[in-house]
Novice: 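So that we are looking at the same thing, I have put the structure below in structure tokens.
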Protein chains: 2
Amino acid sequence: MKQDLKKKYVRQAAVIKAMAHPTRLLILNSLKKKETCVCELRDLVGDDISTVSKHLLVLKNAGLVAARREGNWLHYRLTCPCVLEFAECIATLEPQNV
Amino acid sequence: MKQDLKKKYVRQAAVIKAMAHPTRLLILNSLKKKETCVCELRDLVGDDISTVSKHLLVLKNAGLVAARREGNWLHYRLTCPCVLEFAECIATLEPQNV
DNA sequence: CATCTATTTGGCTATTTGGCAAAATAGAAG
DNA sequence: CTTCTATTTTGCCAAATAGCCAAATAGATG
């Protein structure tokens, strides 16, 4: 694979990988509607708060979300709402072996 | 997480996960242009052919590609070209820690 | 049938991931 | 400074992943 092309796909894959988890998709779709604090996301997701925090870290490292502090709370928001646009497309796919 | 919602995101995440690898993105983008046999993809990718074959299996299981046999060759094709549409969107993201 | 070619599968290893619980941190408030 | 609350980090473990090589398979062809 050519080096510049490779670099491009490595970067893209990193972002896509960050999206590739049911909990993180739920979080992203929730943030699409409004900024949300971690504890509210924990209630939505139902996992341990440390687990939710790690998912948010993954999304943040990918550049998909950002946080804003207000008092004790950190409000997370989507940085790029368009990343969810292809979900509809995916819904049309017929799985072969799932 | 509600069960029906969960199921939906599990399915979506499986497809997205299948896309979340540089080599598989390269393969998908190549197939976007035309049907391609495995050996041609191996030349493009540069990995062992068994590795390429496994990547194709992942994509096939996700429902992203399908194959057609012609003599000794298996020609793979994209089943859903729209899955690559959001690549442009991703390119605009600023990574935080990558 | 035997052989050839394209592709897949199995076995192995090293690495990454997701989850929880416990400990650490950051900022607000007394 | 101490305490409180929201969040992150660390440590641990089980499970999944990517890659190579070797072996197996599926058709085509002699």
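Since this is a predicted model, take the numbers as computed values, not measurements. Below, read A as the first sequence line, B as the second, and so on, with proteins coming before strands; counting in each chain starts at 1.
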Novice: Looking at B:L41 and B:V52, what are the two nearest heavy atoms and their distance?
Specialist: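 Taking B:L41 first and B:V52 second, the nearest heavy atoms are CB-CG1, 4.1 Å.
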Novice: Once you round it to whole Å, what is the distance between P of D:dT8 and CG of A:L41?
Specialist: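 Rounding to the nearest Å, CG of A:L41 and P of D:dT8 are 10 Å apart.
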Novice: Which whole-number value in Å describes the distance from A:D47 CG to C:dG18 P?
Specialist: 11 Å
Novice: Using whole Å, report how far CD1 of A:I49 lies from P of D:dT10.
Specialist: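 Roughly 17 Å, once rounded to whole Å.
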Novice: Would you say C:dG19 has OP1 or OP2 under 4.0 Å from some side-chain N or O of A:H21?
Specialist: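 For C:dG19, OP1 or OP2 has a side-chain N or O of A:H21 closer than 4.0 Å.
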Novice: For B:C39 and for A:D48, locate the closest nucleotide of DNA chain C by heavy-atom distance; then report the residue assigned to the nucleotide nearer the 5' terminus.
Specialist: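 So the residue in question is B:C39.
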Novice: Calculate the interatomic distance between A:E70 atom CD and C:dA28 atom C1'; express it in whole Å.
Specialist: 13 Å
Novice: If you compare all heavy atoms of A:A18 against all heavy atoms of A:A62, which two are closest, and at what distance to 0.1 Å?
Specialist: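 Smallest heavy-atom distance, with atoms named: CB-CB, 3.5 Å.
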Novice: Would you say the side chain of B:K60 lies within less than 4.5 Å of the side chain of B:Y76, judging by non-hydrogen atoms?
Specialist: yes
Novice: Could you tell me the separation between the CG atom of B:N72 and the P atom of D:dG30, rounded to a whole number of Å?
Specialist: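 In whole Å, D:dG30 P and B:N72 CG are 12 Å from each other.
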Novice: Round to a whole Å and report the spacing from CG of B:N61 to C1' of D:dT17.
Specialist: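 B:N61 atom CG is separated from D:dT17 atom C1' by 14 Å.
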Novice: Please state whether the base of C:dG18 and the side chain of A:K54 form at least one donor-acceptor pair under 3.5 Å?
Specialist: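 No.
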Novice: In whole Å, I'd like the distance from the CH2 atom of A:W73 to the C1' atom of C:dA29.
Specialist: 12 Å
Novice: Can you figure out which of C:dT8, D:dT7, D:dG27 approaches the side chain of B:R69 most closely?
Specialist: D:dG27
Novice: When we call it a touch if two heavy atoms are under 4.0 Å apart, what does A:R42 touch: a base, just sugar-phosphate, or nothing?
Specialist: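 It contacts nothing in the nucleic acid.
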Novice: Please confirm whether the shortest side-chain N or O distance from B:H55 to OP1 or OP2 of D:dT17 is below 4.0 Å.
Specialist: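 Checking B:H55 against D:dT17: no side-chain N or O falls below 4.0 Å of OP1 or OP2.
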Novice: Quickly work out the A:L56 CG to D:dA6 P distance and round it to whole Å.
Specialist: 16 Å
Novice: Look at the side chain of B:S50 and decide which nucleotide, out of C:dT5, C:dG19, C:dT8, has an atom nearest to it.
Specialist: C:dT8
Novice: Which nucleotide wins on minimum distance to the side chain of A:V38, given the candidates C:dA28, D:dT7, C:dA6?
Specialist: D:dT7
Novice: Looking at B:T51 and D:dA18, is any side-chain donor or acceptor paired with a base atom of the opposite kind under 3.5 Å?
Specialist: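 Answer is no: no donor-acceptor pair is held.
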Novice: Ignoring backbone atoms, establish whether B:Y76 has a side-chain N or O less than 4.0 Å from OP1 or OP2 of C:dA6.
Specialist: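 No.
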